[in-house]
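Input: a single structure, listed below in structure tokens.
Note on naming: letters A, B, ... go to the chains in the order of the sequence lines (proteins, then strands), and numbering restarts at 1 for each one.
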2 protein chains.
Amino acid sequence: MKQSGNDALLPTLEAPATINDVAQLAAVSRATASRVLGDYGTVKAETRTIVLAAAARLGYVPNVIARSMRAGKTLTLGLVIAEIGLSVFDTAMRVVIDSARAYGYQVLVSNTNEELQAERTAIRVMLEKQVDGLIVVSSSVTDLDFLNPRNLQGRPIVLLDRTLAPLGLSSVTGANRQGAVDAVAHFIANGHTKIGLVVFTANVEGETAHQPLGLISSIHDRIEGYYSAMAAAGLPVNPDWVRFTGDADVSAYSAVGSILDAEDAPTALLASNGNMSLAVLKVAKARGLLIGRALSLVGFDDAPWASIITPSITVVNVPIEEMARVAVENLIGQISAATDAGSAELPMNLVLRESVADLRTA
Amino acid sequence: MKQSGNDALLPTLEAPATINDVAQLAAVSRATASRVLGDYGTVKAETRTIVLAAAARLGYVPNVIARSMRAGKTLTLGLVIAEIGLSVFDTAMRVVIDSARAYGYQVLVSNTNEELQAERTAIRVMLEKQVDGLIVVSSSVTDLDFLNPRNLQGRPIVLLDRTLAPLGLSSVTGANRQGAVDAVAHFIANGHTKIGLVVFTANVEGETAHQPLGLISSIHDRIEGYYSAMAAAGLPVNPDWVRFTGDADVSAYSAVGSILDAEDAPTALLASNGNMSLAVLKVAKARGLLIGRALSLVGFDDAPWASIITPSITVVNVPIEEMARVAVENLIGQISAATDAGSAELPMNLVLRESVADLRTA
DNA sequence: CTGAAAGCGCTAACAC
DNA sequence: GTGTTAGCGCTTTCAG
């Protein structure tokens with residue numbers, strides 16, 4: 001049933017064609033085949049045509065794995081994300097993948113669900129897979145020696161969205177502190193004095209009024225921005241106005257509920273991320289509190305729905321697209337030029353919409 | 001400055017340790033080192049300890065690339081997504097990545113932005129990188145021979161969300177037709193007779209009333225469901241009620257606008273995906289049309305914001321998490337058992353909320 | 001301009 | 001139990 005002649009070399013359901021098959025069919029040496037397929041060295045035009053034809057005939061696909069092994073580079077980047085599903089990180093993923101491709105790199109993605117152990121494993125696996133560099137949205141704050149360059153096989157790394165001060169790694173973050181300050185200032189400018197804060201942070205069970213240890217830098221900075229802006233305005237912060245929650249559903253709802261149930265409940269709430277904004281909306285809706293009227297809200301992250309719902313939500317825009325792009329450029333820079341591009345902190349800007357009531361006119 | 005003795009073998013900023021280094025430091029053969037590091041064969045407990053110690057000392061990380069080359073498997077899956085950023089695909093990504101990891105696979109992700117050329121390149125690159133299998137959200141309808149198994153190097157593939165009938169590949173989709181039928185039936189049950197349809201489809205410039213050729217299967221089926229449900233109810237479809245748009249912003253808005261401007265404008269709109277729902281909300285907001293009152297809406301995809309905004313949006317829920325999970329299982333099945341798991345169509349269910357007005361009581 | 005041969009890091013027969 | 005050896009698919013000196 002086999003076909004005769006050279007056709008016997010044609011692709012079957014068996015092993016894919018290798019460069020040897022191409023060389024054989026083209027009746028040249030493996031080296032020559034490699035030269036034309038890899039597009040280097042010098043080959044007679046005629047020979048080149050023959051080899052190309054053979055390759056096409058066989059449906060030859062270069063084995064980049066083998067090539068990588070020799071070259072020591074995989075043209076692959078590792079992206080470790082703390083939480084796929086958070087709008088901001090989904091966007092980061094898209095931008096990282098797209099910009100990496102523009103540089104000829106593919107991206108291996110891992111999700112850690114904010115778990116340190118998963119993060120450690122993800123990094124290890126990517127190192128084993130010989131990624132040329134890493135972009136990491138880390139959830140670790142302690143036990144982070146696995147991110148120490150000494151344990152990174154000499155592979156460059158860029159932290160995205162969150163820094164890890166002790167390691168001195170290059171990072172691309174947003175100006176979280178300033179973002180929170182601007183948000184609080186905006187509330188104050190609109191006559192609010194009782195301003196609450198609801199924080200999503202993975203490292204807590206349920207909800208609590210007590211600020212947990214080991215916050216990631218971005219959240220830490222937002223909280224600090226909140227407190228310092230309040231202090232700067234001479235406004236006291238009632239502990240009842242601040243809550244930390246470990247999930248975006250039930251605990252988040254009860255966290256928001258606790259704040260609203262306070263004797264001296266705030267008129268305004270700053271939500272630490274997009275999911276927390278949704279939680280506030282949810283609770284407000286359940287209680288019949290009109291956002292932008294009975295309750296004011298500013299969130300972080302300009303999710304697609306924020307501008308479209310009624311009322312639209314005033315947010316501190318996290319410039320995640322630019323951050324992701326810069327992270328890739330920084331990483332590629334480190335890879336190709338072995339030059340540490342240092343760290344960048346990109347400004348955040350307040351996007352004014354309809355969710356903050358003006359108490360001065362009331 | 002070099003340290004003396006064996007310490008000279010310790011990791012430096014130079015090349016990462018190989019199995020040879022480990023073997024040498026442990027004073028055993030490469031094979032033995034490989035046995036303990038790869039955890040196979042039999043090694044004396046004592047020897048194993050020594051090797052392990054040497055590996056730890058050197059910070060040895062196995063080179064999975066080299067291992068892959070020998071084994072012919074990379075434990076890597078390729079995920080080609082038509083449009084990262086669409087909530088439904090972001091979710092798919094998360095689930096694919098997480099379930100793949102549960103099986104010991106990593107995921108290489110590519111984004112095609114619904115461009116055929118990008119899709120073709122992405123597949124080629126992934127094949128070159130020797131992924132063990134592919135999950136593809138394809139935007140192609142024509143020119144799809146690159147997805148023909150004959151051109152896939154024998155690598156299994158599962159189509160997600162969209163089928164490609166002519167190729168007979170295994171796929172995991174939602175029951176799009178039925179979903180649309182249910183949505184229309186729901187409108188009708190609530191007394192609506194003038195029901196519009198606004199469709200997002202990459203293969204059109206701007207907006208048009210004319211159904212474009214080459215629709216992807218999911219959209220095709222939704223449209224067909226719409227028309228057949230209308231027909232089944234004996235309801236005429238005014239061509240002014242149906243629009244197709246190629247982007248989710250300006251054209252989408254004008255598409256919705258066109259429909260609402262029709263002389264005999266519909267009271268209800270079916271939006272073909274989450275982004276189109278947002279477009280409808282946007283236009284309705286701009287025109288002061290209250291959703292669930294002056295205009296009724298049912299969308300596809302149960303995005304996180306859909307249940308939380310006011311009014312909450314009735315949607316046809318695309319069971320994307322389950323679809324993604326099944327796709328991974330199907331693919332892993334094909335990889336390990338070489339057994340084609342066939343195709344699956346998962347039911348969609350209508351999630352009733354507040355965006356459909358009951359015209360019977362009016 | 002082309003071929004022979006070595007070797008990237010690892011595993012797996014096959015010996016001993 | 002352990003070492004020797006061959007070789008996965010590819011690139012790259014080094015000869016010719």
Side-chain angles (χ1 to χ4, degrees), chain A residues 9 11 14-52 54-55 58-75 127-132 153-155, chain B residues 9 11 14-52 54-55 58-75 127-132 153-155:
Chain A
L9 293 172
E14 296 140 38
T18 75
I19 203 172
N20 282 311
D21 303 326
V22 175
Q24 191 176 339
L25 182 59
V28 296
S29 76
R30 221 164 56 214
T32 301
S34 181
R35 278 189 262 262
V36 358
L37 265 11
D39 205 33
Y40 72 96
T42 51
V43 188
K44 187 162 51 165
E46 197 183 340
T47 318
R48 138 175 260 94
T49 317
I50 297 178
V51 172
L52 255 15
L58 294 169
Y60 171 74
V61 170
N63 185 331
V64 177
I65 293 290
R67 188 177 290 172
S68 293
M69 190 170 61
R70 266 217 121 242
K73 315 183 299 175
T74 52
L75 290 179
L127 252 19
E128 292 179 354
K129 290 224 194 253
Q130 310 291 117
V131 295
D132 292 340
Q153 304 278 308
R155 303 265 163 24
Chain B
L9 293 172
E14 295 139 37
T18 76
I19 203 171
N20 281 311
D21 302 328
V22 175
Q24 191 177 340
L25 182 59
V28 297
S29 75
R30 223 165 53 215
T32 301
S34 181
R35 277 189 265 262
V36 357
L37 265 11
D39 206 32
Y40 72 95
T42 51
V43 189
K44 187 163 51 163
E46 197 183 340
T47 317
R48 137 176 260 96
T49 316
I50 297 177
V51 172
L52 254 16
L58 293 170
Y60 170 73
V61 170
N63 185 332
V64 177
I65 293 290
R67 188 178 289 171
S68 293
M69 190 169 62
R70 270 219 114 245
K73 319 182 294 176
T74 53
L75 291 179
L127 252 19
E128 292 178 355
K129 288 222 195 255
Q130 311 290 118
V131 295
D132 292 340
Q153 303 278 309
R155 302 266 165 23

Which nucleotide in the set [options] lies at the smallest distance from any side-chain heavy atom of [X]?
X      : options                  : result
A31(A) : dG3(C), dC10(C), dT11(D) : dG3(C)
N63(B) : dT4(D), dC10(C), dT11(D) : dC10(C)
M69(B) : dT2(D), dC8(D), dG3(C)   : dC8(D)
R67(A) : dT2(D), dT11(C), dT11(D) : dT11(D)
K44(B) : dG1(D), dG3(D), dC10(C)  : dG1(D)
S29(A) : dA4(C), dA6(C), dT4(D)   : dA4(C)

Gap between atoms [atom1] and [atom2], on [X] and [N] respectively (whole Å):
X       : N       : atom1 : atom2 : answer
I19(B)  : dT11(C) : CD1   : C1'   : 8 Å
Q130(B) : dG9(D)  : CD    : P     : 9 Å
Q24(A)  : dT2(C)  : CD    : C1'   : 18 Å
I65(A)  : dG9(C)  : CD1   : P     : 15 Å
I50(B)  : dG3(D)  : CD1   : P     : 11 Å
D21(A)  : dC8(D)  : CG    : C1'   : 13 Å

Under 4.0 Å between any heavy atoms, over every strand shown, what does [X] touch: base, sugar-phosphate, or nothing? Just pick one.
X      : answer
R70(B) : base
S34(B) : base
T47(B) : sugar-phosphate
T42(B) : base
V28(B) : sugar-phosphate

> Between dC10(D) and Y60(A), is there an OP1 or OP2 to side-chain N/O distance shorter than 4.0 Å?
Replying inline: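 For dC10(D), OP1 or OP2 has a side-chain N or O of Y60(A) closer than 4.0 Å.
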> Any ion pair linking D39(A) and R48(A) (charged N to carboxylate O, less than 4.0 Å)?
Replying inline: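 Result for this pair is yes, salt bridge flagged.
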> Of R48(A) and A66(A), whose nearest nucleotide on DNA chain C comes first from the 5' end?
Replying inline: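 Whichever sits nearer the 5' end wins; that is R48(A).
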> Between T74(B) and D132(B), which heavy-atom pair has the shortest distance, and what is it?
Replying inline: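 That would be N-OD1, 3.0 Å.
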> Which pair of heavy atoms, one from A54(A) and one from V22(A), lies closest together, and at what distance?
Replying inline: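 Distance-wise, the nearest heavy atoms are CB-O, 3.9 Å.
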> Is R35(B) side chain donor-acceptor paired with the dG3(D) base, going by distance under 3.5 Å alone?
Replying inline: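 Result: at least one qualifying N/O pair found.
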> Is there a donor-acceptor pair under 3.5 Å between the side chain of S68(A) and the backbone N or O of K73(A)?
Replying inline: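 A pair under 3.5 Å: yes.
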> For the atom pair CD1 (I65(A)) and CD (Q130(A)), what is the distance rounded to the nearest 0.5 Å?
Replying inline: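 Going from the CD1 atom of I65(A) to the CD atom of Q130(A) covers 10.0 Å.
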